[in-house]
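The chain is numbered in sequence order, starting from 1. Computed from heavy atoms alone, side chains included, the values below leave out hydrogens, waters and symmetry copies.
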Amino acid sequence: MANTFDNLPFKPADILLPQGCDYDKWAVVACDQYTSQPEYWQRVEERVGRAPSALRLILPESSLDGPQVEMDIMDINATMSRYVREGRFKTLPGAMVYVERTLWDGRLRRGLVGMADLTAYDYEPGSDALIRATEGVVMSRIPPRIAVRKNAPIELPHAMLLCDDPGRTLIEPLSAQTGQMELLYDFDLMEQGGHVKGWLLGGRQLDQVAAALSALADPAAFNARYGVQDQPVMLFAMGDGNHSLATAKECYERQKRLVPPERWDALPARYALCELVNLHDKSLEFEPIHRVVFHTDPQALLDALVRAYPGARRDKAAGSGGLPLRYVCAGSEGAVTAPASAARLPVGALQGFLDDYLMDHPGRVDYIHGEDVAREFAARPGNIAFLLPPMDKQALFPSVIHDGVLPRKTFSMGEAHDKRFYLEARKIR
């Protein structure tokens with residue numbers, strides 16, 4: 001079947017796969033994890049040593065405020081060019097990779113690596129694009145990411161797109177066909193990352209994927225699935241890597257300004273490598289992302305939170321009615337219950353307050369995966385953690401379709417060690 005992906009926003013790519021190296025040292029977790037735990041990245045540094053690694057091609061966000069960040073970015077771009085020049089990668093032309101990730105707890109997550117068409121993606125609230133953001137983009141987080149990507153010859157993805165495929169027609173059928181595909185990798189991931197396997201799709205599997213994507217993108221099927229009329233199709237929602245895909249989009253728009261319009265479609269930067277995962281994958285759980293405010297006065301902050309929402313109350317435990325905002329700080333634990341009218345979700349009420357409060361008061365907020373880690377930080381004087389409830393993943397697509405983007409950092413697809421590890425790459429210049 002020829003040109004099966006022509007009108008679809010997710011396509012095969014010329015995928016670069018590292019060769020001549022230890023994959024267990026090459027693959028490292030997404031750069032936006034463990035931002036308040038530099039000791040994690042120090043352990044990774046010690047494990048990798050002088051071996052070739054994706055660690056040399058990314059900038060962990062914990063290092064963004066470092067004194068030599070500009071030099072770090074130059075070193076990253078230089079290492080990318082050197083790895084390409086030295087033949088560190090082999091090219092898989094027109095490829096898609098079926099991925100099976102065994103998580104640390106034994107659950108299996110299935111995914112499909114290909115490239116997303118950035119002309120079909122829009123992160124603006126209220127977008128009607130085929131690929132939509134699920135949370136608001138914090139524009140201040142884009143420039144440092146652009147600084148890394150704008151001169152980079154290759155990209156390594158940690159972005160994960162979600163499709164709403166309750167019939168499991170797209171990715172799951174590939175699991176029974178691995179015997180017909182070439183095994184590309186099979187190894188353990190570091191730091192409780194679990195295990196990962198990847199297979200190269202053949203022509204039959206590519207046609208099968210294209211047909212399933214076309215069916216999911218059918219406007220009549222979309223409108224029936226969500227009980228809407230004449231609504232633009234939303235085929236994919238961002239799962240992880242919202243800011244990374246937004247950065248890729250901005251870099252593409254910058255390149256467009258440098259060449260005539262007839263060359264825009266041929267720019268490699270028009271696409272971004274991603275992994276596609278089914279929202280209905282049994283392993284996929286939405287974990288809450290907790291907030292920890294560092295270097296603040298916890299009691300003053302709590303008093304201000306109560307005052308911010310008329311009718312709010314402070315309780316020893318989360319009560320019924322309203323939006324419960326559970327907190328933990330040194331020597332204290334309880335909840336502030338905001339009125340239901342404050343926001344649709346507890347995270348909305350809390351984030352809106354923190355954004356305003358920290359403009360005029362000391363403190364720094366970080367977004368923490370795992371209640372145990374949040375509690376550990378909260379036990380230190382001058383810190384306070386807010387422990388948020390998980391979001392029902394079945395509500396994601398309807399919420400974005402009807403209401404637009406969610407408050408930023410509303411959910412996480414699993415714990416930090418479940419995030420995507422960098423492995424595949426792609427030329428973007």
Side-chain angles (χ1 to χ4, degrees), residues 36 125-126 133-138 140-141 242 285-412:
S36 292
T134 52
E135 63 178 27
V137 169
V138 183
S140 63
R141 296 182 63 188
N242 191 52
E285 295 182 356
F286 278 14
E287 304 285 347
I289 303 179
H290 308 297
R291 272 65 170 160
V292 176
V293 183
F294 297 85
H295 314 305
T296 191
D297 181 337
Q299 298 306 318
L301 186 151
L302 289 169
D303 290 342
L305 177 56
V306 173
R307 292 195 302 270
Y309 295 111
R313 64 182 188 275
R314 189 167 165 180
D315 304 307
K316 292 185 177 180
S320 59
L323 302 172
L325 306 175
R326 294 170 55 214
Y327 66 83
V328 182
C329 54
S332 180
E333 184 167 346
V336 171
T337 303
S341 59
R344 289 178 59 89
L345 299 169
V347 63
L350 177 62
Q351 192 65 53
F353 163 75
L354 290 177
D355 287 345
D356 291 339
Y357 183 81
L358 294 176
M359 290 180 63
D360 302 314
H361 298 83
R364 172 183 68 85
V365 67
D366 200 2
Y367 304 91
I368 304 298
H369 303 270
E371 183 173 327
D372 55 340
V373 178
R375 284 182 174 275
E376 179 183 339
F377 285 129
R380 304 173 189 175
N383 296 349
I384 182 171
F386 288 92
L387 307 177
L388 291 162
M391 176 187 175
D392 178 7
K393 70 178 184 179
Q394 306 297 338
L396 178 65
F397 272 68
S399 294
V400 175
I401 290 167
H402 292 288
D403 302 325
V405 297
L406 303 167
R408 70 179 181 274
K409 299 292 185 181
T410 295
F411 67 92
S412 168

Between [X] (side chain) and [Y] (backbone), is there a donor-acceptor pair under 3.5 Å?
X	Y	value
S332	C329	no
T296	P362	yes
E135	K409	yes
N383	F377	yes
Y357	A308	no

How far apart are the C-alpha atoms of Q351 and D355, what are their side-chain angles, what is the distance that settles it, and do they pass the side-chain hydrogen bond (donor to acceptor under 3.5 Å, both in side chains) test? CA-CA 6 Å; Q351 192 65 53; D355 287 345; 2.9 Å; yes

Flag the pair [X] / [Y] as yes when at least one side-chain heavy-atom distance between them is below 4.5 Å, and no otherwise.
X	Y	value
R314	L305	no
I289	H369	yes
R326	H290	no
F386	L301	yes
F286	P390	no
P298	Y327	no
L406	S399	yes

Rounded at 0.5 Å granularity, tell me how far [atom1] in [X] sits from [atom2] in [Y].
X	Y	atom1	atom2	value
S36	E376	OG	CD	11.0 Å
F411	E287	CZ	CD	12.0 Å
H361	L354	NE2	CG	12.0 Å
L358	F353	CG	CZ	7.5 Å
T410	L388	OG1	CG	9.0 Å

My understanding is that only one of V365, L302, D297 makes a side chain to side chain contact (heavy atoms under 4.5 Å, CB included) with I384; could you say which?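 So, applying the side chain to side chain contact (heavy atoms under 4.5 Å, CB included) to I384 and each of V365, L302, D297, only L302 qualifies.
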
Which heavy atom of [X] sits nearest a heavy atom of [Y], and at what distance?
X	Y	answer
P389	P288	O-CB, 3.5 Å
Y309	P339	CB-CD, 3.7 Å
A374	A385	O-CB, 3.6 Å
A342	A338	CB-CB, 4.4 Å

Are T337 and D315 close enough, and set up right, to give a side-chain hydrogen bond (donor to acceptor under 3.5 Å, both in side chains), and what steps lead you there? CA-CA 7 Å; T337 303; D315 304 307; 3.2 Å; yes

